[in-house]
Each structure stands twice: as C-alpha cells, then as structure tokens.
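Everything on this sheet refers to the single structure shown next.
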4 protein chains.
Amino acid sequence: MTQMNGFFFPRTASGAASLIPSPPWYYSGDLLTVEYRTDPDRVAELLPAPLELAAEDPGAVALIWADWQSCSSSREELLDPVRSQYKEAFVVVRCSFEGRTYSRCVYIWVDKDFAIARGMHQGYPKKLGQMWQTRPHAFPQASPQIGPGGRFGATLAAADRRLAEAVVTLREESDTNGFVNGHPMAHHRVYPDIAGQGDAYAELIESGASAFQGGQAWRGDAELRLFEAPTEELARLEVDEVIGGYFRQVGVEWNGGRSLAHLSGGSL
Amino acid sequence: MTQMNGFFFPRTASGAASLIPSPPWYYSGDLLTVEYRTDPDRVAELLPAPLELAAEDPGAVALIWADWQSCSSSREELLDPVRSQYKEAFVVVRCSFEGRTYSRCVYIWVDKDFAIARGMHQGYPKKLGQMWQTRPHAFPQASPQIGPGGRFGATLAAADRRLAEAVVTLREESDTNGFVNGHPMAHHRVYPDIAGQGDAYAELIESGASAFQGGQAWRGDAELRLFEAPTEELARLEVDEVIGGYFRQVGVEWNGGRSLAHLSGGSL
Amino acid sequence: MTQMNGFFFPRTASGAASLIPSPPWYYSGDLLTVEYRTDPDRVAELLPAPLELAAEDPGAVALIWADWQSCSSSREELLDPVRSQYKEAFVVVRCSFEGRTYSRCVYIWVDKDFAIARGMHQGYPKKLGQMWQTRPHAFPQASPQIGPGGRFGATLAAADRRLAEAVVTLREESDTNGFVNGHPMAHHRVYPDIAGQGDAYAELIESGASAFQGGQAWRGDAELRLFEAPTEELARLEVDEVIGGYFRQVGVEWNGGRSLAHLSGGSL
Amino acid sequence: MTQMNGFFFPRTASGAASLIPSPPWYYSGDLLTVEYRTDPDRVAELLPAPLELAAEDPGAVALIWADWQSCSSSREELLDPVRSQYKEAFVVVRCSFEGRTYSRCVYIWVDKDFAIARGMHQGYPKKLGQMWQTRPHAFPQASPQIGPGGRFGATLAAADRRLAEAVVTLREESDTNGFVNGHPMAHHRVYPDIAGQGDAYAELIESGASAFQGGQAWRGDAELRLFEAPTEELARLEVDEVIGGYFRQVGVEWNGGRSLAHLSGGSL
C-alpha cells in the first residue's frame, strides 16, 4: 500500500511534485494600497451569513497590489526565481463574525500557479491576472523614490481587459499602511458537490501572518479607476471617496490558521 | 442576509464573477495521445489506498495533449475566446477500485485559470504549463494532413523547463484512440487542513463524459522523450516500451460525477 | 576571417541561431476579416508621400485576425510547434503608388518573436499583442460551424488593454474574402539613424504571396468595436459603416518582394 | 501630403503609436553577471570582419541578467509599468576594431516588444525569452541580502526550453562589475534584401551609455550551466573556467551612438 506524500496535489510517493510545499511560507515584497469608500450595500453583497458588515466604516475597501518574492523553509525557490516571484492585486473589505472584526479578501488575481494553490488553501478566491506596479530603485533614472512626491502606478488586467488602474503620490510618513487589511482574515474554503448539489465542503477559516516585519509606511494621494468586464464584479465596488494611498515594504511568514465553522452543504 | 451565488469562487450576490459557471461544460478539440509501458511499481506509487493496480497491463501510461475550445451552456465564451480556448497535457494510468477498472489522471498541465478551477472540481491535479501540438489544417503549406504519413509534434513545459516532447506519425485508421484513458476517471479531491493536520477534506470521486462524439481515430508510430525537473516527477514514469500514437478529434459534454468514498482526515 | 551566416540576427558561423530562416516561408491558417469604412482623411494620415489615397473607396479598412501555423522549407518547425504557431491581428488600407493600387498594413500585432522578425523584413510594423479568434471544429459541442449562422468572435489586446472586439455571423458563400487586402502590399522598411538624425535607411518595398490556395470564402454580418489606448491609434480609424465580415481558410507561400524606392534619409 | 511622425514603426501623423519614443531612454535596474572563459575560436566565430578578437583575454565572456525599469523623457511609462518594466539576459564578448577594444552583445533575450525595438535600433540581436533573477529586498524573509553570503539565482529560457542557469554567491565588495561589458558596444544593424540577395543595409555602429550611475559592486563565486537548444548557439560558448560573479545596481541613460562603417550589401 502506497503512502502518498505532498502537501497539495499532485500527490506522489515522494511528495516532490506537489504544486506547493508545506507551510510555513515566507514572503518579501512591496505593497501599494489604495483605500476608498463604496456603498456599504455593495460590501454586504459579498458577505455570506453568518458574516455581517463591520460596525465602523462598513463601506471601506482596500485595493492592494503586491510584488512578491516567496519561498518555503528550504529557500530553494529563491535560486530558481520562476518558482519564487509573483505579483498580485487583491480587494479587501472588513466584516464581523461573532462580534469580532475580520478582514476578508473578496477578489484576487495572481500570476503563478503556486500562488493559486496557496490561495485555495487559505481561502483566497484567486484568478489569473496581469499585475504591474512601479518599483522603487536605488537609482532614480527610471524610478520613483520612496519619499515625498514619489509616484507609483499600478494596473490590473484579466482575460485581456484592464480592470483597474491606480496612481499613488507619496506625501508623508504614516503610522499605518491603511486599516482595511489590518485584521485576521475570515475566508471560506469550498468544494462544490461533484454531483451538482450545492457544496460538498464549506468551511469558514481564520488566518493571518504568523510573523511580520514592516518598513516605514508612507501615505499620500491616490487616484483609482475601475473598469467593467463581463466576468468580473470589481467595478461594482464603485469608488465613492478615496481615503488614501500607501506604500510599504514588508516581510511576512504564514503558517496556517484555524477553522471557525464547518458549514452544512450548500449553505454558502 | 445575502444569498451568495456562483458555482465556484469568488462568490457574489449575482454569481457573475465565479471563475467557472455551473456544469454542464462543453468541449471541442483535438487529442494527440502517446501510450507506453513503464515499470508498474512506478504506477503503484501514484495509487493511494484503496486504489490498486489494474489487473491487466498495469504499467500502461497515456500521455495526452489536447487543444480545446470549451464553453458553458450559454455558449457566450465562444465569442470571447480568451475564455474558451486552452491547451493541456495530461498523464493517465489505470487502477482498480472495488473490482472495477478506472482511468486516473496523475499529472496534468493547462494554460488557463478556468481550466485549473474545473480541474479542482473534477479532481485533476492541474498545474500551469505551456503546451503545443501540431494542428491539422485544410491546407498543407504548413500543416500535416490527418492520414497516412501525417506527422504531429507536441511539447510540454512548466516553470521554463521542457518536460516532454513527442512526435506521432499516423499510419492507419484505428478502432480506438488508445485504451488507457478509456474508463471512468477515479480522482481524489482534497483540502489540506488549515491548521496543518493532514486533510480537512478528502473524497474519492468518479466522473466521465456525459456525452461524447468522436471522429475517425488514427494510429501510428510515436517517439516520446521525458525530461527531469526539480518539482516534477513525470520522468519517473520512464518509457520502457512505446505502445503507439493516436490522433482523434472529439466533442465532449461533462456534467458532474458521483462520490465513491469520503476519506477520513489525513488518509490520502 | 569568419564568414557569418543566418538570414537574420543573431548571425553566427553556422547560422543556426538566426531568429528566422531564409524564405520561402509557408503558412496554413484561418482568416477572420471585418471590412468597414472610415473617414478617408484618417487613412490619408497613414500614407507617407509618395503614397496617395486609393482612387476608389479610399476610406475602406480591413481588420483581419489570423490563426497561423507556419514553417520554413525544412518543415522542422511543425514538429516543435512553439516555433510554428502564432496569432495576429492586422489593419489594412489601400493606397496608390505610381498609378497602381496597393494594400498596406498600417498596424499589426503578433504573439511570437519570429513573427516580429518576419515583419521587420516585410515592412509590417509589428508589436506584441494578445489575439484570440473562435475556431471552427469538426464537432459542434464548443464550436461554430463554417456555414450559415456560424458565429465567430475575435479580440485584440496589447499592454493589458483590449483594443478591438469583433463578432462575425456567416450568412452565405462569397466569391471573395473582402477587397481591401487583395492587392500587393506596399510597405516601408526603416532604420532610424543611430545618431538621431532622421532615418539611416528607408525603403518602399512591394511584396505578396508567391503562391496561394484558398478554401470557400464565407461572408456575413459583422460587429466591430475599437477601444482607445495611450500608445495606440487604431481607434482613430473610427467605424463609420461596416461593409461585411468574412471567414476563409488559406495556405500561403511567401518568397520575397522587390524594392520600389529608396528614400533619402529622414524622408519617411 | 502627410508628414509622418514617430521614432519607430508604426509611423502616423501624430507619432503616438510608435513602438518606442525617441531617445534619450532611461533605465534603473539590477545586474547579475557571470564572467567566464571559453575557447577564443568560439568567440572568433561571432566576429564578422573587420572585427577581430580582443588582444587580451580573447575568450572572456559575460552572461548578464538585468531586471529593468525604463522610460522616456516624459517618464509616463513609469505610471503604466507594463510599458516600463522588462527583464533580459545577454551575452557579451570583446572585440577589436581599428585598434580599439569594444564590447559586443552576441546573444540577447528580452520579454517586451519595446525592448526588442530598442535593440533593433541599437544593434542588439534580441529574441523573446523568459528571464528570472533573484531580487534583493529590504526584508530577508524571502530574499538574499546584498552582502557577504548573499545568493542570487538566475535562469534563461526561450521557446519553452531552459538555456542557462546561474547562481552567484557574493563574497566581497568589488571595484568593478566585471570587465567584459566595460567598453563601448560595437554592433551591426542589418536589413536583409527584400529580393533575397544578401543585405540591403548593413552598418557597424558604436554606442554606449550617455550617463551612468552605479552602486557598490559586489563579487563572488558563480556557477553557470548552459543547455543545448535546436535554434540557439549559446551552449557553444562552453564554460571552460569561471572568472567570477557580480551584482550591481545601476542607473543609465542612453542617447544614441555613431556610425563606424557602412558595409556593402551582403558583406556581413
């Protein structure tokens, strides 16, 4: 009888083919964030029961671009960086569950399969997209500086359509990198029933960074444009009022989460 | 309380953002198949209990390239073909479960996210890859013909490494398109536990085409080369003896499957 | 003294690294064409002297999607189809030179480097883009048929922005595949001066297929939408009146052209 | 009569569609370099007359990966970074022309069309490839540090085949970033004749940075592996002896070059 190994599929005797290794997973990257307010009803549409709108500022949304390098404990991915680098853009709202405030990623696009698989595990609803964000660099010939007046652009596209564009102009140092993505994440993990009757599996989980380091955060002015697409609903989260733009470099470790609730089939 | 809709994530009030629509799913495409024999022990390594080696020709393997156009019942994807066309390469072995012979996809690569999501649902262990296969065409200036002497090449790469190359030279009409991929599929669907303790969910399911049309199958000679890669184990299924190569055009409908067994946590 | 070989760069002693082999080049593919009329002044803007507007129907434009398989005389690319298959979308107008009517490609996007290099040689102003067009297939599960009512979609994107979308619904057999792309091509080949003073080289050349086979052409109704982008001017060729849509499968051989005029530096 | 504008094709009345804007061009990026010695005869094979082998260390080769952000004088590309960021890997040797030593790029791969077009102008023989190189980052969770022991990997692939892999382990500060790529570049710019008789245009040009800033260079140990591919000759420059590995961050301005010689047709 074969003992199968591998954290994720495909599983094999050795586990070497697994699309992702076991946590912990490590990340170094740059975050470009735009926070804004939309109609709270539009946020509520994305919160299945028993989740509820956050009590305070319930229409707040964060659209975050991240330019990552990531690895497992072996760090071997860092020397074969096609397996290490990826970009993403994700949309975070807040919600309330059993009296506690959570962040929740409602849309996310990445550009590598290992990132999709990690998202499956963590409950991030990942699609493939094309993301670009301006990089800071030691030399200014073709780069903004991390400081007053530094301008960073970011774009998101999927299925050959541009979905979002942002420009953030840094103004000053900031105590925070925004507030919308500042709570533990409350995510669903679901498996539709193979026979087509609702979900065979549905679970609400909580997770967050197991360790975190952050550089000086900067805030400034932000412009954000969202575009319609036939298979996307990002533009439904209309930009009523921009709260601000942020830039921060971070180092993160992720090492699992905990189950909040197992939901009966079809309930999500 | 919000009623969430959408077959797959991300789920929303309308369901429009779901990465994939509900089945049935429809496919038109060309299959290029190489069947060969490897050491049955290498196949057994990929069969978790209670699956066992097939009784007959247990070391038979099919490596299949497919060039697909696909859609949902709405057929709207066909007019926005970035959402419809995809390529894949997959490796099929056979196994036995409760006395019945099944086919089983042990490795598979695709080039679109909707194909990954359909694979998650169906238990195909999909990764992203780059697949190419020679196309037949009405005019021969830069195309083989589907007939004696027609030569079709196919390649598979992932993470910037070539994993497999095949050339099939058609010789004659064939009653079959090979035998390895001819049974219902027995696949696992798994969700690793969010706290890191084995699997939170593991299920063995059966599925197959709910409707099928196939053109004249052709068989011929095949060459196949497999290459090593640090995160792949395809080359471990060494080519001991080529059985043959096949080409066939098919139309397929898929509309769900059935659960064979729910496995206790960590058992897979 | 080393004798360098190779039709194009990089040149080497053996010539094996050349991005493209010597002509003749061979093509098998499907063409989806939308012809329409725009303001002739917008066409004139794209015709450098001594080219002039065509005498008849000077505002006619063809936007053509092509799904190609291509090869050199060795046909070896067909068995390694990453080097053989590519997609393109191109915009053709007509013009007059020394009393003769020519077709002229004013914009074109492709998805492979060998196609860019062939375009450099032939005077096609190629950029990279993402092109998709619905494919006909022997089985209708996820495919239109080549016949009355058959609907084909096509899209073009570059730099993560959608530039054009078309839908063609076939109605009847047609004697032609349109008329705009039916003449020899009159193209410029230019090399800007390395010191920044106009062009070091500028030539007007004529070329066309050295051999051609075409299947039955079909015509029908067409919808076409063009979108703005900061580095593109396709949308400036506004759709005033759709002439029609066409579908045809073709086989083509290309084997060079002839020089029409060498232009003095900076004249283009 | 229309006045055409645009530095490169496609040219239009406004010039807005040009694949690249006029120089000067600006770059900020990270260079990872491996220098080694190969058989000088292999270098000589890549030097068309009147170029000759460099007098000193004629078999020296530099394989350089670069992770760039780039822009024109408008800097607008920086806010739409799909038009600004690109990666490349290139191979440099040295040569002698009229008694002066030049660097010469003999092979190069990039991942954007604007980079191909700039290369056409500058005489870099660019193909499309997939390049990855480890990035330094402020936080070490998934990043090497620029300092003793910092390990950087780099890979190059084209046409779904891996062509080169390197690992550089930094050891100490260095006065230079290597010596092979330290001279003005001597490049050819060629246009094959449209009628197939040798070259219609062939020019030897010299160019280099018009302004340059560099951070502290680091040197260390390097491993380099080159792989065969049917349309590449990089592996022919066999690694006989590794000289060293280097890492440096730079800012560069490029603003044209000068013509060294116009070559008669077919002479290159």
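The chains referred to below are lettered A, B, ... by the order of the sequence lines, with proteins before strands, and numbering in each begins at 1.
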>> Out of D:Pro192, D:Ala229, D:Pro230, D:Pro21, return the one with the most heavy atom pairs under 4.5 angstrom to chain C.
In response: D:Pro192
> In terms of heavy-atom pairs under 4.5 Å with chain C, which of D:Gly256, D:Pro10, D:Ala195 leads?
Replying inline: D:Pro10
> What part of C:Trp109 lies closer than 4.5 angstrom to a heavy atom of chain D: side chain, backbone, both or neither?
Replying inline: neither
>> Shorter than 4.5 Å, heavy atoms on both sides: which option in D:Arg83, D:Glu206, D:Met120 has the most such pairs with chain C?
In response: D:Met120
> For the candidates C:Glu76, C:Lys126, C:Arg236, C:Glu52, which exhibits the highest count of non-hydrogen atom pairs separated by less than 4.5 Å from chain D?
Replying inline: C:Lys126
>> If we ignore hydrogens and angles and just use 3.5 Å, is the side chain of C:Arg11 paired with the main-chain N or O of C:Phe7 as donor and acceptor?
In response: yes
> Mind checking whether D:Tyr124 and D:Phe90 have parallel, tilted or perpendicular rings, split at 30° and 60°?
Replying inline: perpendicular
> Looking at D:Asp113, D:Asp80, D:Val106, D:Ile116, which has the largest count of heavy-atom pairs under 4.5 Å with chain C?
Replying inline: D:Asp113
> Under a 4.5 Å heavy-atom cut-off, does chain C meet the side chain of D:Arg161, its backbone, both or neither?
Replying inline: side chain
> How are the rings of D:Tyr201 and C:Tyr191 set relative to one another: parallel (under 30°), tilted (30 to 60°) or perpendicular (over 60°)?
Replying inline: tilted
> Just by modelled atom types, is the C:Glu165 backbone N or O under 3.5 Å from a matching donor or acceptor in the C:Thr155 side chain?
Replying inline: no
>> Need one label for D:Arg258: side chain, backbone, both or neither, based on atoms under 4.5 Å from any heavy atom in chain C.
In response: backbone
> Using non-hydrogen atoms only, which part of D:Asp193 is less than 4.5 Å away from chain C: side chain, backbone, both, or neither?
Replying inline: backbone
> Of the listed residues (C:Gly196, C:Ala44, C:Ala16), which shares the most heavy-atom pairs with chain D below a 4.5 Å separation?
Replying inline: C:Ala16
> D:Arg189 side chain to D:His121 main-chain N or O, any donor-acceptor pair under 3.5 Å?
Replying inline: yes
> Going by atom types only, do D:Glu77 and D:Ser72 share a side-chain donor-acceptor pair under 3.5 Å?
Replying inline: yes
>> What part of D:Ile205 gets within 4.5 angstrom of chain C, counting heavy atoms only: side chain, backbone, both, or neither?
In response: side chain
>> Donor-acceptor check, side chain of C:His187 to backbone of C:Cys105, threshold 3.5 angstrom: yes or no?
In response: yes
>> If we define contacts as heavy-atom pairs under 4.5 Å, which of C:Leu19, C:Val82, C:Thr12 has the most with chain D?
In response: C:Thr12
> Highest number of heavy-atom pairs under 4.5 Å with chain C: which of D:Glu45, D:Gln122, D:Lys112, D:Glu203?
Replying inline: D:Glu45
>> Tell me whether D:Glu232 is salt-bridged to D:Lys127, with the criterion being a basic N under 4.0 Å from an acidic carboxylate O.
In response: yes
> Which one of C:Gly129, C:Ser14, C:Pro50, C:Ser259 has the most heavy-atom pairs closer than 4.5 Å to chain D?
Replying inline: C:Ser14
>> Checking the side chain of D:Ser70 only, and the main-chain atoms of D:Ser84 only, is there a donor and an acceptor separated by less than 3.5 Å?
In response: yes
